[in-house]
Amino acid sequence: MKRRNFIKNASLTGVGLAVGSTLNACAETASEQTNESTSKASLPLVIATWDVKNATAKAWEVLQAGGTALDAVEKGCMVEEANAEGQSVGKGGLPDRDGNVTLDACIMNKEGNCGSVVYLQNVTHAISVARMVMENTPHVMLAGKGAEQFAYENGFQKEDLLTEASKKAWEEWKVKSEYKPIINIENHDTIGMLAIDKKGNISGACTTSGLAYKMAGRVGDSPIIGSGLFVDNEIGAAVATGLGEEVVKTVGSFLVVELMRQGKSPQAACEEAINRIVNKPNSDYKNFQVGYIAVNKKGETGSYSIHQYFSMTKFQDEKNENIQSDYFIK
Ligand code: SD4
């Protein structure tokens, strides 16, 4: 067994996990690209925040055809971005308090490379622009006009993202509200997706229109690597949804992955990351939502949120299901 793989397996077995699969791994001829410690029966798999069966089905199609986890999460997120009926991400996303739809997205691959766009306007597929930032620039993040210009230079079309339905919702909110952004508990504005491909490699993506009716210029956790999303191909990946300010303050997705590195299951790691938010002095957690989903290198998954209004969609073993997540406030 190669030294690199020995170290990788040792980190998984350090707390007594995966002994059987480690032995199997040692018996295999290891390729640097293949994850020997993952149970073959469970691969590939894709999970996503919220009830997004069409998006996970698209990712699954890519994975089943032998595609990479990176292609799967990008193509999966694009389904929701293109869905103008959904008022969460991409086209049709709810605008900021001035009526402008501004998108944030990021993507991370098995090598630990990442790309991100913040405050992107007039371009539906923020996740694909984020991927281009990762692959075609020396940078990790482009913002605002620069991101938009970069998108046009790479063939993306200019589109009006504010649909009639979202405009109407915003106009109604203006009349009723105290001009505050809506704190997301029961609805969502984001899709986060994590996949493991047939080779055992992990990638993740996160795309959002951000908090509905946010202040102009506001950026949340979703495009911030380590907060909204983190992938470590040796350990696992995590992605967040909910009130981005709280996720950023605890660097939530990085925390979940680091807790898995220390031996916690994805479920226990998500729970601990939520506990960090809830247990902060004077935490106002009863009035906001945060949820995490996570996957480890073995293909085990977990999800946890503060409130019950959260679920995870999972496509694995030919089954595409939406699973109610466990939650903190019972
Ligand atoms: C944000 N985390 O911009 C996003 C919003 C979200 O479900 O996830 N809504 O803070």
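For ligands, and for the atoms within them, numbers begin at 1 and follow the listed sequence.
- More than 12 heavy atoms of other residues, nucleotides or ligands shown are found within 6.0 angstrom of NZ on K314.
- Ligand-side atoms of ligand 1 in range of G210: 3 (O), range being under 4.0 angstrom from any heavy atom.
- Listed by number with element, the atoms of ligand 1 under 4.0 Å from a non-hydrogen atom of D221 are 1 (C), 2 (N), 4 (C), 10 (O).
- Checked by distance only, ligand 1 and W50 stay at 3.5 Å or farther apart across all their nitrogen or oxygen atoms.
- Residue T241 has at least one nitrogen or oxygen atom sitting less than 3.5 Å from a nitrogen or oxygen atom of ligand 1, judged on distance alone.
- Polar contact check, G242 against ligand 1: a nitrogen or oxygen pair lies under 3.5 Å apart.
- Between R276 and E272, at least one side-chain nitrogen of the basic residue sits less than 4.0 Å from a carboxylate oxygen of the acidic one, meeting the salt-bridge criterion.
- Near S222, meaning under 4.0 Å from any of its heavy atoms, are these atoms of ligand 1: 2 (N), 4 (C).
- For residues 136-152, the salt bridge (charged side-chain N to carboxylate O under 4.0 Å, His left out) pairs, not counting sequence neighbours, are K145-E148.
- Judged as a side-chain hydrogen bond (donor to acceptor under 3.5 Å, both in side chains), and not counting sequence neighbours, S227 has no contacts.
- In R218, the part holding a heavy atom less than 4.0 Å from any atom of ligand 1 is the side chain.
- Ionic pairing of E171 and K174 is not present here: no N-O contact between side-chain nitrogen and carboxylate oxygen is shorter than 4.0 angstrom.
- No hydrogens or angles considered: a donor-acceptor pair under 3.5 Å links the side chains of N320 and T56.
- Residue E245 has no N or O atom closer than 3.5 Å to an N or O atom of ligand 1.
- Counting atoms of ligand 1 from 1 in the listed order, those under 4.0 Å from a heavy atom of L211 are 3 (O).
- Considering both main-chain and side-chain atoms, G220 never comes within under 3.5 Å of ligand 1 through any nitrogen or oxygen pair.
- In summary, the side chains of T250 and K280 do not present any donor paired with an acceptor at a separation below 3.5 Å, with no hydrogens or angles considered.
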